[in-house]
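A, B, ... follow the sequence lines: proteins, then strands. Residue 1 opens every chain. Since this is a predicted model, take the numbers as computed values, not measurements.
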There are 2 protein chains.
Amino acid sequence: MKAETILKDHLLKIIDLNDEQFSYVFSHFKPMSFKKGQAIIAEGDKVSCEYFVTAGCLKSFYINDDLKMFILQFAMPGWWASDYNALYNGIKATIGVDCITDAEVLCLSNADREKLCSELHAVEHFFRWRTNKGYVAAQKRLLSFMNNDAKHRYEELLNTYPQLYNIVSKQLIAAYLGVSRETLSRLYHG
Amino acid sequence: MKAETILKDHLLKIIDLNDEQFSYVFSHFKPMSFKKGQAIIAEGDKVSCEYFVTAGCLKSFYINDDLKMFILQFAMPGWWASDYNALYNGIKATIGVDCITDAEVLCLSNADREKLCSELHAVEHFFRWRTNKGYVAAQKRLLSFMNNDAKHRYEELLNTYPQLYNIVSKQLIAAYLGVSRETLSRLYHG
DNA sequence: CGTTTTATGTGATCTACATCAAATTTTAAC
DNA sequence: GTTAAAATTTGATGTAGATCACATAAAACG
């Protein structure tokens with residue numbers, strides 16, 4: 001499906017925009033293509049955009065001092081990704097975003113998002129709705145971390161995002177669950 | 001300080017509202033007083049409001065099947081609390097909110113928030129800003145959970161919210177950190 | 001293809017933290 | 001102020017999951 005259509009469907013599920021308004025909104029998004037493994041945001045970068053995925057799969061992640069990686073989010077078509085802390089607060093990236101598969105994204109700058117939000121009340125409403133969703137999801141994941149063991153969290157992940165199983169390596173699943181790859185392997189074998 | 005003033009300062013830090021607009025917004029908030037230990041939201045309740053704290057300290061928490069409690073958030077004056085999953089999705093509460101100390105809050109219904117957001121673009125902007133903040137904070141806490149041990153998270157909490165140390169029992173700190181009270185005790189003694 | 005990375009699986013050992021149990025200190029209630 | 005209740009500390013023991021080391025399997029790539 002066309003990137004434009006994916007974005008339009010995504011927005012119109014939540015807000016009303018006529019064709020002219022949508023075209024205007026869309027004109028602020030810049031289509032970009034990336035190859036598997038390519039970085040979209042690297043640690044230390046100035047972060048000026050967020051990315052709406054229209055094809056492929058991204059991950060956003062943190063790498064600690066021991067070079068251990070933790071995955072914050074997988075992003076499939078219809079999802080957004082960025083280092084939001086850096087983006088909102090104008091600081092350098094501590095979170096990376098890169099491509100698990102070849103990917104197509106629509107890039108929206110922070111400045112253009114704010115411009116669109118102030119020009120079109122509906123767009124502001126959309127982004128409030130989106131962050132509300134994200135906030136509730138982050139809280140659920142936090143609770144799952146505190147409450148459940150690795151096996152439980154693994155099953156939860158596969159139930160919530162069955163598509164991931166085929167696309168994403170076990171290592172990355174482990175980095176999302178916050179366990180070592182060895183432990184994840186032992187959850188279903190030995 | 002007056003509850004009205006606390007809310008006004010809080011809003012005006014982010015958006016512009018003239019006196020008439022603020023009065024109109026404020027007219028939708030219902031002041032309420034609670035005693036230490038009182039529940040504001042109990043598990044299974046229908047959740048129709050969120051609460052802006054103007055005095056005292058609340059906690060929002062989840063209790064699992066083994067009756068173990070996990071604290072999502074402490075709420076001091078200038079903070080908001082509710083079961084947002086329940087509030088936004090019109091489902092029953094799985095998160096409780098109650099009072100660590102005697103407390104004063106301003107209660108805003110979901111319906112009134114949505115009404116104010118649609119009537120006043122600036123209010124919608126405020127709530128988008130607020131949830132953005134919350135989302136980034138939740139992500140940081142998630143990373144801290146994956147990356148840091150209990151001692152590190154304890155020090156992080158005290159650095160971020162030094163006020164809590166005097167108000168909140170060690171048990172509750174432990175429930176926020178996601179460790180047992182025994183482990184927390186051993187972090188600074190034995 | 002074959003060769004070289006890169007991902008996965010499995011055993012052995014180690015560690016942070018949980019759990020259970022009981023002593024002690026602090027806070028609340030009458 | 002005395003008693004009851006709750007919070008905190010401390011010890012002993014158990015366990016999920018980390019880490020290290022190496023074997024195997026599967027991609028990637030010339």
Any chance CG of D19(B) has more than 12 other-residue heavy atoms, nucleotides or ligands included, within less than 6.0 Å? no
Quick check: are there more than 12 heavy atoms from other residues, nucleotides or ligands sitting under 6.0 Å from NZ of K115(B)? yes
Do the side-chain N or O atoms of K68(A) get closer than 4.0 angstrom to the phosphate oxygens (OP1, OP2) of dT19(D)? yes
To the nearest angstrom, how far is M69(A) atom CE from dT6(C) atom P? 14 Å
Can you tell me the distance, in whole Å, between the CG atom of D66(A) and the C1' atom of dT19(D)? 12 Å
Assess whether one donor atom and one acceptor atom, taken from the side chain of E182(B) and the base of dC17(C), lie less than 3.5 Å apart. no
When you check the phosphate oxygens OP1 and OP2 of dA18(C), does a side-chain N or O of S180(B) lie under 4.0 Å from one of them? yes
Quick check, are the ring centers of Y188(A) and Y154(A) under 6.0 angstrom apart? yes
Is there a side-chain polar atom (N or O) of Y188(B) under 4.0 Å from OP1 or OP2 of dT8(D)? no
Whole-Å gap separating C1' (dC17(C)) and NE2 (H189(B)): 18 Å
Of the listed nucleotides dT8(C), dT10(D), dT10(C), the one nearest the side chain of K170(A): dT8(C)
Reckon K36(B) has a side-chain N or O less than 4.0 Å from the OP1 or OP2 of dA28(C)? yes
Euclidean distance, atom CG of residue L67(A) to atom C1' of dA18(D) [Å, nearest integer]: 17 Å
What is the distance, to the nearest angstrom, from the CG atom on L184(B) to the P atom on dA16(C)? 16 Å
By nearest atom, which of the nucleotides dT19(D), dA18(C), dA7(D) is closest to the R186(A) side chain? dT19(D)
Between dT8(D) atom P and I173(B) atom CD1, what is the distance in whole Å? 9 Å
What nucleic acid atoms does G178(A) come within less than 4.0 Å of, heavy atoms only: base, sugar-phosphate, or nothing? sugar-phosphate
Between CD of Q171(A) and P of dA26(D) the distance, given in whole Å, is 15 Å
Give a yes or no on whether a donor-acceptor pair under 3.5 Å exists between the nucleobase atoms of dT6(C), that is its base, and the side chain of R181(A). no
Side-chain heavy atoms nearer than 4.5 Å, only ILVMFWY residues, links allowed to pass through others: does that put I63(A) and V47(A) together? no
If only side-chain N and O atoms of T183(A) are considered, is one of them under 4.0 Å from the OP1 or OP2 phosphate oxygen of dA18(D)? yes
For F127(B) and W80(B), run ring pair (Phe, Tyr, Trp, His ring centres under 6.0 Å): C-alpha distance rounded to whole Å, both residues' side-chain angles, the deciding distance at 0.1 Å, then the answer. CA-CA 11 Å; F127(B) 280 105; W80(B) 299 77; 5.6 Å; yes
Looking only at dT10(D), dG17(D), dA21(D), the nucleotide nearest the A150(A) side chain is dG17(D)
Interatomic distance where CZ belongs to F145(B) and P belongs to dG17(D) [whole Å]: 14 Å
Step through the shown structure and confirm whether more than 12 heavy atoms of other residues, nucleotides or ligands are within 6.0 Å of CG on D16(A). no
D149(A) side-chain proximity, nearest of dA16(D), dT8(D), dA16(C): dA16(D)
Return no unless some side-chain N or O of S185(A) is found under 4.0 Å from OP1 or OP2 of dT8(C). no
